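Heads up, the thing below is written out as structure tokens.
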Amino acid sequence: MKKVAVIMGSDSDFKVVQKAILKLKEFSVPYEVHVMSAHRTPDAAAEFSKNAKANGFGVIIAAAGMAAHLAGVLAAHTTIPVIGIPIKSANFDGMDALLATVMMPTGIPVATVAVDGAANAAILAVQILALSDDELSSKLENMKSDMAAGVAKKDEDIIRKANEL
Ligand code: RP5
């Protein structure tokens with residue numbers, strides 16, 4: 001199976017990014033985790049991305065906050081899908097990173113999830129890999145069934161609670 005690269009702009013992003021890592025583990029998807037920065041280590045980021053396909057990666061997840069150019073820079077150097085996680089920081093509640101990640105020019109897409117949406121980034125990466133992996137696809141089907149069962153249970157509970165008022 002192809003690997004997922006989980007790249008974060010700083011170790012300060014780890015608290016959020018770990019939710020993506022946990023989700024990939026849940027699906028037994030192989031991954032590599034790195035700190036790389038579009039600004040502080042631009043050469044390393046470009047080099048990693050240029051070689052990502054040859055090194056067995058199928059998807060790159062890139063998390064960054066503030067002037068969050070990491071996902072875009074990685075996407076500029078590869079043809080494999082890049083998923084961006086805008087990380088919330090103190091000043092603008094993540095709007096800065098959201099816009100920097102999502103507003104890409106035509107030709108260089110970054111599939112951007114919600115601010116701090118690390119679990120969804122991993123699920124989307126799994127969905128991409130599942131296109132050519134039936135076992136992974138079944139695991140996604142199971143996840144959706146479990147979610148639906150969870151909501152059905154909440155529905156039952158809330159109806160009961162409302163009737164007891
Ligand atoms: C971004 O700047 C990083 O992704 C992080 O979210 C933010 C702050 O980085 P540190 O100053 O905490 O290293 O590039």
Side-chain angles (χ1 to χ4, degrees), residues 1-133 136 139-140 143-144 147 150:
M1 189 191 302
K2 288 194 189 304
K3 295 179 285 183
V4 176
V6 182
I7 315 292
M8 64 204 91
S10 168
D11 59 349
S12 62
D13 300 322
F14 185 69
K15 193 167 181 287
V16 172
V17 176
Q18 66 182 343
K19 290 178 194 142
I21 299 166
L22 288 170
K23 199 51 89 175
L24 293 172
K25 277 174 91 98
E26 211 176 294
F27 282 92
S28 304
V29 166
Y31 58 85
E32 260 182 44
V33 180
H34 296 286
V35 173
M36 271 172 210
S37 165
H39 307 118
R40 292 167 175 157
T41 62
D43 292 341
E47 205 53 28
F48 181 88
S49 187
K50 277 180 199 166
N51 298 317
K53 194 173 177 186
N55 286 335
F57 292 98
V59 186
I60 296 175
I61 292 175
M66 301 168 71
H69 300 129
L70 180 60
V73 164
L74 294 171
H77 291 284
T78 187
T79 56
I80 67 176
V82 175
I83 301 170
I85 309 171
I87 301 288
K88 186 172 172 171
S89 57
N91 289 331
F92 297 100
D93 266 349
M95 186 60 91
D96 44 358
L98 174 62
L99 296 179
T101 305
V102 76
M103 292 300 290
M104 289 297 293
T106 300
I108 314 291
V110 168
T112 305
V113 295
V115 172
D116 288 354
N120 263 2
I123 293 167
L124 184 54
V126 173
Q127 287 177 326
I128 291 167
L129 296 180
L131 287 170
S132 55
D133 187 320
L136 216 44
K139 286 182 184 172
L140 285 164
M143 183 196 77
K144 294 227 173 192
M147 262 191 320

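Remember, predicted model here, so these are calculated numbers, not experimental data. Indexing begins at 1, ligand by ligand and atom by atom, following the structure's order.
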Report the relative orientation of the aromatic rings in F48 and F57; use parallel for angles under 30°, tilted for 30 to 60°, perpendicular for over 60°. tilted
How close does the nearest protein non-hydrogen atom get to atom 13 (O) of ligand 1, and which residue and atom is it? S10 OG, 2.6 Å
Need the ligand 1 atom indices (1-based, order shown) with element for anything under 4.0 Å from a heavy-atom of G9. 3 (C), 4 (O)
Could you pull out the closest heavy-atom pair between M104 and G72, with the gap in Å? CE-CA, 3.5 Å
Identify the heavy atoms of L70 and M8 that sit nearest to each other, and give their distance. CD2-C, 3.8 Å
Please report whether ligand 1 has a polar contact with D11, defined as an N or O pair separated by less than 3.5 Å (distance criterion only). no
What part of S12, side chain from CB on, backbone N/CA/C/O, both or neither, has a heavy atom under 4.0 Å from ligand 1? side chain
Using distance alone, determine whether G65 and ligand 1 share an N or O pair under 3.5 Å. yes
Should R40 be listed as contacting ligand 1, given a heavy-atom distance under 4.0 Å as the test? yes
Could you check whether any side-chain N or O of D133 sits under 3.5 Å from a backbone N or O of L129, counting only pairs where one atom can act as donor and the other as acceptor? no
About how many Å separate CG of L98 and CD1 of I85, when rounded to the nearest 0.5 Å? 12.5 Å
Find all atoms of ligand 1 within a distance of less than 4.0 Å from any non-hydrogen atom belonging to M66, and give their numbers and elements. 2 (O), 7 (C), 8 (C)
Only one of I60, I61, I21 passes side chain to side chain contact (heavy atoms under 4.5 Å, CB included) with V4, and that residue is I61
What pairs of residues pass the salt bridge (charged side-chain N to carboxylate O under 4.0 Å, His left out) test when at least one of them lies in residues 31-43, not counting sequence neighbours? K3-E32
So the atoms of ligand 1 within less than 4.0 Å of a heavy atom of A64 turn out to be 4 (O)
closest protein heavy atom to atom 6 (O) of ligand 1 is D13 OD1, 2.6 Å
